Amino acid sequence: MTHAPHSLTLADVARHLGATLSGSGETPIRGLATLRGAGPDQVAFVTSRAYLKDLAATRAGGVLLHPDHGGSCPVPRLEMNNPYLGYARLSQLFDPLPSRDRAGIHPAATVADDVRLGENVCVAANAVIEAGAVLGSGVVVGPGSFIGADSQLGENTRLHANVTVCHGVVVGKRVILQSGCVIGGDGFGFAHDGSAWHKIAQLGGVVLGDDVEVGSCSSIDRGALGDTLIGDDVKIDSQVQIAHNVQIGDHSALAGCVGIAGSTRVGRHCMLGGGVGLSGHLTLCDGVQVTGMSLVTNSIHEPGVYSSGTGAMDNHQWRKNAVRFKQLDDIAKRLARLEKRRG
Amino acid sequence: MTHAPHSLTLADVARHLGATLSGSGETPIRGLATLRGAGPDQVAFVTSRAYLKDLAATRAGGVLLHPDHGGSCPVPRLEMNNPYLGYARLSQLFDPLPSRDRAGIHPAATVADDVRLGENVCVAANAVIEAGAVLGSGVVVGPGSFIGADSQLGENTRLHANVTVCHGVVVGKRVILQSGCVIGGDGFGFAHDGSAWHKIAQLGGVVLGDDVEVGSCSSIDRGALGDTLIGDDVKIDSQVQIAHNVQIGDHSALAGCVGIAGSTRVGRHCMLGGGVGLSGHLTLCDGVQVTGMSLVTNSIHEPGVYSSGTGAMDNHQWRKNAVRFKQLDDIAKRLARLEKRRG
Amino acid sequence: MTHAPHSLTLADVARHLGATLSGSGETPIRGLATLRGAGPDQVAFVTSRAYLKDLAATRAGGVLLHPDHGGSCPVPRLEMNNPYLGYARLSQLFDPLPSRDRAGIHPAATVADDVRLGENVCVAANAVIEAGAVLGSGVVVGPGSFIGADSQLGENTRLHANVTVCHGVVVGKRVILQSGCVIGGDGFGFAHDGSAWHKIAQLGGVVLGDDVEVGSCSSIDRGALGDTLIGDDVKIDSQVQIAHNVQIGDHSALAGCVGIAGSTRVGRHCMLGGGVGLSGHLTLCDGVQVTGMSLVTNSIHEPGVYSSGTGAMDNHQWRKNAVRFKQLDDIAKRLARLEKRRG
């Protein structure tokens, strides 16, 4: 479904992936596709048993798969122990975006005089970069994106279009910020005087580690005093809200629509499902997984999988059960009473 | 509350709506309003029985209503079997936006040389349109909006301000994209090597059918290999997240804050309430409705209304019941034991 | 962690806060920090008992605290009955943002000829302001922000970068709009003709009172006919969705990811926790609090705290209980039967 800007042979691809080639390596390869969709100039892949049924009929130029799955493959094979990882590397080979970047500052961009730019920086039309900002080599700033005063972007970081990085934000290397996300908006802090709210100026910043990705329209708020801290290799999906002074440990992944309240600390290698909510001032240890749309209101000190809520059912049944939920304490007490009377 | 740029008579309005006029058609009409708020140069409407109580006292120049409801109307009537549809058509007649569009490319816009533009295209200040994009006749691109390389917009499609359409996105005719939405950001795909994440380049696109609307700050991610597909006449509210390779059938409507995980397929004429979450790789058949904030983790094969969760109650009561929820399996087993002992 | 642009003495700070100084007032103060982090030129603060343990070891130049907590303070004290309020005022004193604003219109901004501007208005690069807009004195419009035709911004209101204020929106004084938020996108209104949707043009506007704050990537939709109304001193966090014709009373606070459906009215001094959902056409009286991720489907007429849902637990336990939830009505009936047989 995609085609590389340049042509490779299957043997080139095998070398790039560190895969073991089985069959002819001379086939020219110009893209990748699913087993069903691939033509003779594309590589397909088998990343789980579920796809094996499509293997025999594939017309792909080569198939990337686990050594155990190669038996019935009708075309040359690229064997790897982790073919899903191979697919990831292969996909990057055929990504058209990097070849489109043009180094330099577009004449319709606005860059303050004292901004420090590394080599091969690309700044697109209508981007605005304020005083004191520092952009490492290979940074790409998409159209309409904004970088506030004194913020820093590490090497090879990419801001897509219409991204906002507020002032005093530190972004690591190879970070990807999708369109519409906002890094460093004010945290939500107010003091109440008995009748009205008084804003607490949010004087901290945000630090994003290396290899972080932030999805479309997500927001990571700046700290009240200290910084909001996102570790290395943290992957954040679209529509996520991370409040002030939250800390996320390295290699954790947050699916779409997650919301994390202020000062909560999430460990390393955690995974939060779509729509999960974490209350403020909690600690989640390393290796915690929370399933979709669960609400966590207490700290979690043991790795494992956690959940809340009730699965969807027919609305008519649900109404009857949801009413009973409101009687649940009463039901439990009546049951205990009956048990007691039985002796 | 609104006034048309031009003056119409009540008879003109009746003709425009295909309504049956009852009473004088000469009243000049310059806008529409509620029964209570309307003055003599405005049309009011009755779209449900609940509003009939306000009918007798209305000062409107005319009232749009169902033939069965006209009895006590003190002013000229516009009768239609679907007055809510009439209200929709009437509202468009008085929308001030289209009259403000000025065809042409604003001097502060940045449009690549090879972009193909139909007739009467409007490109506002600070919009950026990349190489290879195709805009049909009557397309409006709002201030600060971005259209990526090779994307296509069908006739009479409107992007409000600060909209992002990434590269390789196909948008149908008469589509409306509200401010801040992002179409075609990367899907959330990573392979894990046992210690770190590796990005899967998102090589697919997004296809929006004709007459789609996408709300403010919503995001529709591009596909991993194939495209994310949004059918004709699909209406998507604000703050919605649609993940990669999701498919939504024609005429479905998604309320605010909905989140749909990757590769899930929603049928035609479905309705998802506010905050609904759908897990990945599910299929919802045609005609499914899901009520607000429900989580769906299994495919649904029968049309109907589905729900999950528990309704809000006093926090003190809720705490007692929520604790019991954690004992529910135990409660059920104890009950079964008691029943058995009863014989 | 922050330093003021100008130097103050501790006595100056006491005067500014209206605090009672105890100890020498001559210490120069250049910022504020936590008890643990503060150096001798910074003020620290004790806003709750939980921090008292850090008091004895602080190196701060002065500590802001309640008169009851001053006993063991090793450094000069600033005593106030509401030290959290004092912290808020102090934080504003050291906010670097206002000192960076430069009055005037950036040459890369696009401002329509007939826009009315008060004194000391700042319009940053790539901002776009359409015809008929009115900006009060001291208004700051950040880079890439858009103000639609005929909208009004009261004195000293600040739009951060990439904010969208659509046409016909009225914004009060001292309002703060964080990056990526959208005020006045179309509400979600469609009439169904039995097979397809017909858009209802959203002809109302949005009115934001004085001292409102709206967080990053939040959206407040314009009314269908009348306006969406946000009262004075309403604080709205990031990723919030407020639908058409909602009304929010003065001094209410909405945490991140809240969603409010159309025409619902929230009273004064209400607090909605993160991820709360309110159905449409409800009324919440003054003083209602709803805890995180609760769904409210009925009006609330008594002040108090309300909740729904179930707390997170180990996934294995949860699965067993969630299955039982679907049997809850049956469980309740069986229990009643047993009770009856007991007589």
Side-chain angles (χ1 to χ4, degrees), chain B residues 1-2 32-34 37 82 84-85 87-89 91-92 94-95 97 100 106 108 124-126 143-144 160-162 176 178-180 213 215-217 233 235 237-239 251 253 255-257 274-275 292-293 309-315 318-319 322 325-326 328-329 331-332 335 338-339 342, chain C residues 110 126 128 144 146 148-149 162 164 166-167 180 182 185-186 188 190-191 193 195-201 203-204 217-219 221 225-226 239 241 243 257 259 261 277 279 290-291 294-298 304-311 313 317 320-321 324-325 327-328 331 334-335 338 341:
Chain B
M1 301 184 180
T2 59
L32 80 163
T34 60
N82 187 344
Y84 198 60
L85 179 60
Y87 161 45
R89 286 188 184 143
S91 71
Q92 290 175 8
F94 295 115
D95 186 357
L97 268 193
R100 282 179 175 146
H106 192 283
N126 291 344
H160 285 265
N162 290 331
I176 299 174
Q178 300 289 336
S179 294
E213 180 156 348
S216 303
C217 303
D233 195 34
K235 307 301 186 185
D237 198 355
S238 306
Q239 303 282 347
H251 309 296
C257 307
M293 287 179 75
T310 68
M313 67 200 87
D314 171 83
N315 176 266
W318 173 79
R319 278 174 188 274
F325 179 80
K326 299 189 181 186
L328 201 46
D329 186 52
I331 287 172
L335 177 62
L338 269 191
E339 287 172 326
R342 282 290 304 192
Chain C
T110 301
N126 292 344
V128 177
F146 167 70
N162 291 331
T164 302
C166 300
H167 66 279
V182 176
D186 280 350
F188 195 63
F190 303 91
D193 70 5
S195 62
W197 297 105
H198 296 259
K199 183 175 176 72
I200 296 171
L203 304 174
C217 302
S218 287
S219 48
D221 294 346
L225 279 174
Q239 304 282 345
Q241 154 66 358
C257 307
S279 298
V290 185
T291 63
S294 298
L295 170 63
V296 180
T297 56
N298 291 297
V305 184
Y306 296 83
S307 303
S308 75
T310 68
M313 67 199 88
Q317 292 305 112
K320 291 194 289 186
N321 292 318
R324 299 298 189 182
F325 180 81
Q327 306 162 355
L328 202 45
I331 287 171
R334 284 158 53 203
L335 177 62
L338 269 191
R341 284 163 70 185

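Protein chains get the first letters and strands the later ones, always in sequence-line order, with residue 1 at the start of each. Everything numeric here is computed off the predicted structure, so don't read it as measured data.
The parts of B:Ala332 that come within reach of chain C are both its backbone and its side chain, each placing non-hydrogen atoms under 4.5 angstrom from that chain. At a 4.5 Å heavy-atom cutoff, the contact between C:Thr291 and chain B is made by side-chain atoms alone. Looking at B:Asn126, only its side chain comes within 4.5 Å of chain C, counting heavy atoms on both sides. Residue B:Asp314 touches chain C through both its backbone and its side chain, counting heavy-atom pairs closer than 4.5 Å. Proximity to chain C (any heavy atom under 4.5 Å) is shown, for B:Arg319, by neither the backbone nor the side chain. Of the atoms belonging to B:Tyr87, it is side-chain heavy atoms, and not backbone ones, that fall under 4.5 Å from chain C. Interface remark: C:Gln317 contributes no atoms to any contact with chain B (heavy atom separation under 4.5 Å).
The candidate from C:Leu328, C:Val128, C:Asp186 with the greatest count of non-hydrogen atom pairs under 4.5 Å with chain B is C:Asp186. Among B:Ala322, B:Ala125, B:Ser179, the residue making the largest number of heavy-atom pairs under 4.5 Å with chain C is B:Ser179. Of the listed residues (C:Gly259, C:Cys217, C:Gly144), the one with the most heavy-atom contacts under 4.5 Å to chain B is C:Cys217. Your options are C:Ala196, C:Gly185, C:Gly180, and the one with the most heavy-atom pairs under 4.5 Å with chain B is C:Ala196.
Not a single donor-acceptor pair under 3.5 Å links the side chain of B:Asn315 to the backbone N or O of C:Ser307.
In this model, a donor atom of one side chain and an acceptor atom of the other lie less than 3.5 Å apart for C:Asp193 and C:Ser195.
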Exercise. What do the steps show when you test C:Arg334 against B:Leu335 for side-chain contact (heavy atoms from CB on, under 4.5 Å), and what is the final call?
Worked result: CA-CA 8 Å; C:Arg334 284 158 53 203; B:Leu335 177 62; 3.9 Å; yes

